[in-house]
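Reading through the structure tokens given below for one structure.
These numbers were taken from a predicted model, which means no experiment stands behind them. Every number for a ligand or one of its atoms is a count from 1 in the order of the listing. Numbers here simply count residues along the sequence, with the first being 1.
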Amino acid sequence: MKDPAALSGEDRAVYPGSFDPITNGHVDIILRGAKLFPRVLIAVLENPKKATLFASTERVAIIREIFKDQPHIEVEAFHGLLADFARVHGVHAVIRGLRAISDFEYEFQMALMNQQLNPDLETLFMMPSARYTFLSSSLVKEVFALGGSIRELVPAIVEEKLREKYAEESKSLSS
Ligand code: PNS
């Protein structure tokens with residue numbers, strides 16, 4: 001086994017996304033990716049033009065907490081093009097999860113655009129466990145906001161942070 005500190009960017013795959021918030025479906029893909037690559041770099045999109053429930057700093061902090069005991073799984077925020085982020089980090093593989101055929105068209109376009117922008121970058125698609133194929137961050141937020149249980153769908157810290165977030169929001173609405 002190589003010393004992880006001595007690994008180059010070539011031993012890493014980047015797993016990009018919005019993660020607003022991270023779900024068990026994302027975690028499933030990250031752990032599958034970590035079986036194939038010595039290191040996985042989770043790249044959290046920071047896009048001031050896209051309204052998110054959690055700020056990018058919050059999303060990064062949540063994911064770091066989830067993987068705090070797995071030093072081969074790193075987390076960083078990124079902005080701009082993924083193709084450039086990968087180049088700067090010397091990473092040649094992008095992992096994306098595919099849940100259903102409906103994901104395919106967008107993912108296919110994105111993979112080809114990234115290939116155009118950075119010919120050294122390959123996109124690998126991975127399927128999550130079948131029990132997460134219906135899961136998305138937006139559905140998690142909707143179910144939580146309407147009082148449904150999300151216990152089986154997200155890491156415990158995400159449920160905790162959603163509770164805090166909605167408590168903050170209802171406090172600011174009532175004041
Ligand atoms: O979790 P998401 O929202 O499906 O992730 C989408 C993401 C972050 C992977 C994608 O929007 C992205 O890579 N954005 C960075 C901008 C970019 O590189 N755009 C051109 C590629 S099509």
- Going by side-chain heavy atoms closer than 4.5 Å, which hydrophobic residues are tied to Phe104, directly or by a chain of links? Leu98, Phe108, Leu112, Phe125, Met127
- Item | Residues Arg39, Asp11; criterion side-chain contact (heavy atoms from CB on, under 4.5 Å); working and verdict | CA-CA 6 Å; Arg39 290 199 289 169; Asp11 297 295; 5.6 Å; no
- Query: With sequence neighbours excluded, what pairs up with Ala43 under the side chain to side chain contact (heavy atoms under 4.5 Å, CB included) test?
  - Reply: Val14, Pro16, Phe78, Phe85
- Query: Can you pull the ring pair (Phe, Tyr, Trp, His ring centres under 6.0 Å) pairs that have at least one residue in residues 136-164, sequence neighbours excluded?
  - Reply: Phe144-Tyr166
- Query: Linking I/L/V/M/F/W/Y whenever their side-chain heavy atoms sit closer than 4.5 Å, directly or via other members, would Leu31 and Leu36 fall into one cluster?
  - Reply: yes
May I have a table of the N/O to N/O pairs between ligand 1 and the protein that fall below 3.5 Å, each row giving the two atom names and the distance to 0.1 Å?
{"from": "ligand 1", "atom 1": "1 (O)", "to": "Ser18", "atom 2": "N", "distance (Å)": "3.0"}
{"from": "ligand 1", "atom 1": "3 (O)", "to": "Ser18", "atom 2": "OG", "distance (Å)": "2.6"}
{"from": "ligand 1", "atom 1": "4 (O)", "to": "Arg96", "atom 2": "NH2", "distance (Å)": "2.9"}
{"from": "ligand 1", "atom 1": "5 (O)", "to": "Arg96", "atom 2": "NH1", "distance (Å)": "3.4"}
{"from": "ligand 1", "atom 1": "18 (O)", "to": "Leu82", "atom 2": "N", "distance (Å)": "2.8"}

- Task: For the pair Glu58 and Lys165, find out whether any cationic side-chain nitrogen is under 4.0 Å from an anionic carboxylate oxygen.
- Result: yes
